[in-house]
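Below is one structure, written out as structure tokens; comments come after it.
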There are 2 protein chains.
Amino acid sequence: MSTKRNDPAPAVPASGKLASISAVAQHAGVSIATVSRVLNGTKAVNDDTRARVEAAVAALGYRANALARSLMRGETRLLLVLVPDFANPYFAEIVKGVESVTRKNGYGLVVADASETLSRDSPSLDSLYNRLADGVISLARFADLKPLLMEIPDLPWVACSEFVEDGEIPNVSIDHRQAAIDAVQYLINRGHRRIALLTADEDYQWARQRREGYEFALRRANIPIDAQLVRIARGTDYVYGMEAAGTLLAMETAPTAVFAVSDTLAIGAIKAFRRVGRRVPEDIAVMGFDDIPVARVFEPALTTIAQPVRELGATAAELLLKRLAGGPAESCTLQHALIVRASA
Amino acid sequence: MSTKRNDPAPAVPASGKLASISAVAQHAGVSIATVSRVLNGTKAVNDDTRARVEAAVAALGYRANALARSLMRGETRLLLVLVPDFANPYFAEIVKGVESVTRKNGYGLVVADASETLSRDSPSLDSLYNRLADGVISLARFADLKPLLMEIPDLPWVACSEFVEDGEIPNVSIDHRQAAIDAVQYLINRGHRRIALLTADEDYQWARQRREGYEFALRRANIPIDAQLVRIARGTDYVYGMEAAGTLLAMETAPTAVFAVSDTLAIGAIKAFRRVGRRVPEDIAVMGFDDIPVARVFEPALTTIAQPVRELGATAAELLLKRLAGGPAESCTLQHALIVRASA
DNA sequence: TTGTAAGCGTTATCAT
DNA sequence: ATGATAACGCTTACAA
């Protein structure tokens, strides 16, 4: 039972307690300062003392207490990412982008749910952002975000995907308005004139900006804007897309195309249309937004706007890291792309 | 510029520095001990001293430094969730379940990516699990997880979804083997005898367990197991499903049904089949697993095994919390359900 | 090269 | 009821 395998070393002693730096010092017969020095490579130490310390560290399975270390150093090397919805693959992909650059720079990532309204005393966040992270990348709705910003001074923020206009905090985003213009113009070019907008709660800046783009494109083409044609879904899940699109069919002069502000909404809409026997895109064309993974595999494959999601996250991370290093941080807008597939 | 609105109070002074407890004490004319007492309600304090302290707190926009507090208390009230893949809605839903119960109990959630192999010195994790969290809920592959378990003593772990057999750590999961049996038996009941298995890397315990179920169901029905019929996808993304399923069609006696160990794989397979003109389920039936949101909206809607995802997460959280409170923690397996829709 | 000691911002144990 | 003061586990001058 003792040597079931030839494991390199248990690394952890039988004791239930975690070893502290003083335990290591004692074990190695040196002072805690010396231990700290070999741990951090902060100053030259004698080769054999170093060896003794390292042996002690191994023997005790010692790991520096991150809390104490951060308290001293004044930094945690942890970044907080605020995500409005874990279930949305779009956000997931951004987080991956963030991670790819933070990892390289030795920063850890803490992802927190920002789905519900964030209040100052939100217990989960309170402990998190309060000096537990060196900076924040927020994908949250700006409306939710704003109150938080005011509370915590000295905490560098970067907004990602949400385009913030008043310039209070730097952000990385595509030009949602222009992307919407491109999408609707594409529909117009294909001969559509009755184009519905399937959108979301405008607490999201991008929802507002995409609606503006939609309206602009219509106006530019001298197509009157019909308030009947814009529907606000209760959320961005598939079901809400079905729900909101369903009512579109009931109109006396139904639209020939719909621009949905997210792929999930678009897919929900298509489902609703087909349920009542409408063909997509023959009877009604549907454009999505985001180009989530399922967009290309769904049938009909979605014509949609692709965001450079990965890059969005990576750029936001770089921005934040730059700010942390004391540099200036400038907002930056990335390029979107129109992906033509089968749904419109 | 001073009073643009009637805001309750800026809460944060113009200073760039965060106020510490001693600043508050000084401002209120009391000792730091007293400040701590009113903050934590830990002992009775005079009404007017309390008022003075609270005023100082408000005036300075003071918030306790979480690092220092945790260092003293010996707990962070933060739980770590290890997620193998952010982009997988299945995991996302589990996290939501976890969150629903941790929030109630005043615990915060830290979600970390465990997609790559976790090494002891994985920088992101290192700082994270090292006393920064009071406990861990892992959705990671057991193979990745195991090395970590050994390193950190005294850190309560709970595995979720991954069914761990040797009982080292408690886990919450469905019975993957039985679920697979149910799925394959359903296919058999519908008259299929050449049933392919579309599975994933067996570093995931559930992948192995589902394959075992698949084989058991076949044997039980006296159907010989054909190694040609089991395909291991390179990942669980849609594309890998397409890729792995594509080769199935090339067989001389192609299967009449396929059991995919995830909905994403199933959808990818369906896509591949239809590309070459096969109809689902008429020509070939496809069963999924997980019942992700898109499963019901995809066409054909997926026949699949539903896991009580939300509940899985919630139960795992309850288990961990119970352990943290010093109670015993027993593994527990939840019920799955066969959802019959259109794909099989 | 190494050790002593002063913090970092809290909480908790004494006294008072 | 309140105030010193000793931890918590670490880093970092400053001495030796």
Side-chain angles (χ1 to χ4, degrees), chain A residues 15 17-54 56-57 60-78 126-127 129-132 134 152-154, chain B residues 15 17-54 56-57 60-78 126-127 129-132 134 152-154:
Chain A
S15 91
K17 263 294 187 204
L18 230 39
S20 76
I21 197 174
S22 59
V24 176
Q26 197 168 344
H27 189 104
V30 296
S31 76
I32 61 168
T34 301
V35 176
S36 174
R37 282 192 277 257
V38 347
L39 254 42
N40 300 298
T42 190
K43 243 180 182 178
V45 317
N46 237 350
D47 275 353
D48 71 307
T49 22
R50 143 167 295 112
R52 280 216 313 286
V53 170
E54 277 164 354
V57 166
L60 271 54
Y62 169 77
R63 338 197 74 216
N65 180 317
L67 254 26
R69 169 173 285 178
S70 297
L71 183 57
M72 259 310 294
R73 295 221 245 236
E75 63 163 21
T76 60
R77 300 223 133 225
L78 251 30
D126 178 85
S127 51
Y129 62 23
N130 187 196
R131 288 298 153 199
L132 240 165
D134 293 343
I152 319 299
D154 278 344
Chain B
S15 92
K17 265 290 184 206
L18 231 41
S20 77
I21 197 173
S22 59
V24 176
Q26 198 168 343
H27 190 105
V30 296
S31 75
I32 59 167
T34 302
V35 176
S36 175
R37 282 192 277 256
V38 348
L39 254 41
N40 301 297
T42 190
K43 242 180 180 175
V45 316
N46 238 350
D47 274 354
D48 69 308
T49 22
R50 143 167 296 112
R52 278 216 314 284
V53 170
E54 277 163 353
V57 166
L60 272 53
Y62 168 78
R63 339 197 73 215
N65 180 317
L67 255 26
R69 168 173 288 178
S70 297
L71 181 57
M72 258 312 293
R73 295 221 247 238
E75 64 164 20
T76 60
R77 300 224 132 225
L78 250 30
D126 178 85
S127 50
Y129 61 23
N130 188 199
R131 287 300 153 199
L132 240 166
D134 294 342
I152 320 298
D154 278 345

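Everything numeric here is computed off the predicted structure, so don't read it as measured data. In what follows, every chain begins at residue 1, and chains take the letters A, B, ... in the order their sequences are listed.
From A:E54, atom CD reaches atom CG of A:L39 across 9.0 Å, with rounding to the nearest 0.5 Å. Note that CZ of A:R73 and CG of A:D134 are 11.0 Å apart. Values are rounded to the nearest 0.5 Å.
When all heavy atoms are compared, the tightest approach of A:V53 to A:V24 is O-CG1, 4.3 Å.
Computed from coordinates, the B:M72 CE to D:dG9 P distance equals 10 Å when rounded to whole Å. Counting to the nearest Å, the P atom of D:dA7 and the CD1 atom of A:I21 are 18 Å from each other. Rounded to whole Å, the distance from OH on A:Y62 to C1' on D:dG9 is 7 Å. Computed from coordinates, the A:Q26 CD to D:dG9 C1' distance equals 15 Å when rounded to whole Å. The distance between atom CZ of B:R77 and atom P of C:dT10, rounded to the nearest whole Å, is 18 Å. In this structure, CG of A:L39 is placed 7 Å from P of D:dT11, rounded to the nearest angstrom. D:dT12 atom C1' lies 10 Å from atom CG of A:N40, rounded to whole Å. Here the C1' atom of nucleotide D:dA7 and the CZ atom of B:R69 are 17 Å apart, to the nearest Å.
Look at A:S20 and you won't find any side-chain N or O under 4.0 angstrom from OP1 or OP2 of D:dG9. Taking side-chain N and O atoms only, B:T49 has a distance below 4.0 Å to OP1 or OP2 of D:dT2. Taking only side-chain nitrogens and oxygens, B:R73 never comes nearer than 4.0 Å to OP1 or OP2 of D:dC8. Between A:S36 and D:dT11 there is a side-chain N or O to OP1 or OP2 distance below 4.0 Å. At the phosphate of C:dC8, neither OP1 nor OP2 sits under 4.0 Å from any side-chain N or O atom of B:N65. Close to D:dG3, at under 4.0 Å from its OP1 or OP2, lies a side-chain N or O of B:T34.
Across the interface with DNA chain D, nearest-nucleotide mapping of B:A68 and B:I32 shows B:I32 to be the residue nearer the 5′ end. The 5' end of DNA chain D is approached more closely, in terms of each residue's nearest nucleotide, by B:A44 than by the other of B:L71 and B:A44. Nucleotides of DNA chain C nearest to B:R37 and A:D47 differ in position, and the one nearer the 5' end is that of A:D47.
Heavy atoms from other residues, nucleotides or ligands lying under 6.0 Å from CD of B:Q26 number 12 at most.
Under 3.5 Å, the side chain of B:R63 and the base of C:dG9 form no donor-acceptor pair of N or O atoms.
Under the 4.5 Å side-chain criterion, counting only non-hydrogen atoms from C-beta, B:L18 is not in contact with B:N65.
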